[in-house]
Amino acid sequence: MTLRPALSQGAGGVGSGGFGTIQKHLERLRAEQAEPEIEEGPETAPEAPKELVQGIWAAAWAEAARRHGKALTDALQKVGDLEGRLEVARDDLEGLAKRLDQLEAERDEAVARAEAAEKTLEDERMVMLGEREAVQGMMERLRSMLPKE
C-alpha cells in the first residue's frame, strides 16, 4: 500500500500502525495536554505574612478612626446647635416670665381699683340712703306743716 508511506511522512512522524498503536499515541498526547493534577495542600492555611496583616490592620484602624472622628464632629455640631436653641428658649422663657409678672401686677392693680371702687360705691350708697332718709324725714315734716284739707 502506497498510502502508508505518505501518511507517515505527511503526519509529521506520527507513524503508522493499527488502532492500538494510534490509541497509545492519542492517550499520551491527551495526558500531555491535560491540566496537571493539583496536589492537596496542608489542612490548615499558612499564617499570613505579618506585614500584610499589619497593613490591613492599619488601614482598618485608620478608617475606623476617620468614621469615629466624623461621628464625633457631627455629634458635637448637634450639641452646639441644641445649646444655641436652648439659650434662645431660655431667653424666651425669661421674657415670658417678665411679661407674666407685669400682667400679674396689672391684674393686682385692677383688682385693687375694683375693690376700691366697690367700697366707694358702697360708701356712696350708704350716704345716699342716709340722705334719702333725711329727705323723707323732711318731706314728712313739710307735710305735717301743710294744712289738712
Side-chain angles (χ1 to χ4, degrees), residues 7-8 10-15 17 19-149:
L7 278 178
S8 66
V14 173
F19 181 73
T21 306
I22 292 175
Q23 190 63 32
K24 283 189 232 175
H25 288 293
L26 284 175
E27 287 176 7
R28 183 180 54 79
L29 283 173
R30 285 184 187 139
E32 288 174 1
Q33 291 177 354
E35 292 182 24
E37 287 186 26
I38 299 175
E39 295 183 22
E40 289 189 29
E43 290 185 23
T44 59
E47 288 187 31
K50 285 188 176 186
E51 298 82 23
L52 177 66
V53 172
Q54 287 175 343
I56 292 171
W57 180 253
W61 187 263
E63 179 64 16
R66 185 191 66 77
R67 288 183 184 185
H68 180 263
K70 183 177 181 335
L72 182 60
T73 301
D74 291 347
L76 290 174
Q77 179 65 39
K78 287 178 183 176
V79 166
D81 292 346
L82 289 174
E83 284 176 342
R85 290 172 59 192
L86 178 62
E87 192 61 35
V88 168
R90 282 183 178 159
D91 290 344
D92 290 348
L93 183 60
E94 187 176 322
L96 289 173
K98 286 179 182 178
R99 181 67 181 139
L100 179 62
D101 289 343
Q102 290 172 348
L103 291 173
E104 286 177 341
E106 290 174 12
R107 181 205 59 205
D108 291 346
E109 289 174 7
V111 167
R113 283 193 308 268
E115 288 173 351
E118 280 181 354
K119 180 160 180 10
T120 302
L121 284 175
E122 183 61 28
D123 291 345
E124 288 179 10
R125 185 169 103 36
M126 293 305 280
V127 168
M128 289 176 82
L129 281 176
E131 289 176 356
R132 181 178 174 197
E133 286 177 8
V135 168
Q136 283 178 343
M138 285 166 60
M139 291 286 284
E140 284 179 24
R141 274 186 263 142
L142 286 174
R143 278 190 195 141
S144 64
M145 293 180 168
L146 287 177
K148 295 199 177 195
E149 293 176 38

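Here salt bridge (charged side-chain N to carboxylate O under 4.0 Å, His left out) pairs that include residues 65-83, with residues two or more places apart or in two chains, are Glu63-Arg66, Glu63-Arg67, Lys70-Asp74. Applying the salt bridge (charged side-chain N to carboxylate O under 4.0 Å, His left out) test to every pair with at least one member in residues 19-29, sequence neighbours left out, gives these pairs: Arg28-Glu32. Note on residues 121-136: pairs passing salt bridge (charged side-chain N to carboxylate O under 4.0 Å, His left out), not counting sequence neighbours, are Lys119-Asp123, Glu122-Arg125.
Between Glu87 and Asp91, some side-chain heavy-atom pair lies under the 4.5 Å cut-off.
Arg85 pairs by the side-chain contact (heavy atoms from CB on, under 4.5 Å) definition with Leu82, not counting sequence neighbours. In terms of the side-chain contact (heavy atoms from CB on, under 4.5 Å) criterion, Leu93 has no residue partners (sequence neighbours excluded).
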Handout entry: Worked verdict on Lys98 versus Glu94 for salt bridge (Lys or Arg N to Asp or Glu O under 4.0 Å)
Key = CA-CA 6 Å; Lys98 286 179 182 178; Glu94 187 176 322; 3.7 Å; yes
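Summarising the geometry, atom CD belonging to Glu118 is positioned 10.0 Å from atom OG1 belonging to Thr120; distances are rounded to the nearest 0.5 Å. The distance from atom CZ of Arg99 to atom CG of Asp92, rounded to the nearest 0.5 Å, is 15.0 Å.
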Distance-only donor-acceptor pairs under 3.5 Å for side chains of residues 136-144, two or more places apart:
| residue | atom | partner | partner atom | Å |
| --- | --- | --- | --- | --- |
| Ser144 | OG | Glu140 | O | 3.3 |
| Ser144 | OG | Arg141 | O | 2.5 |

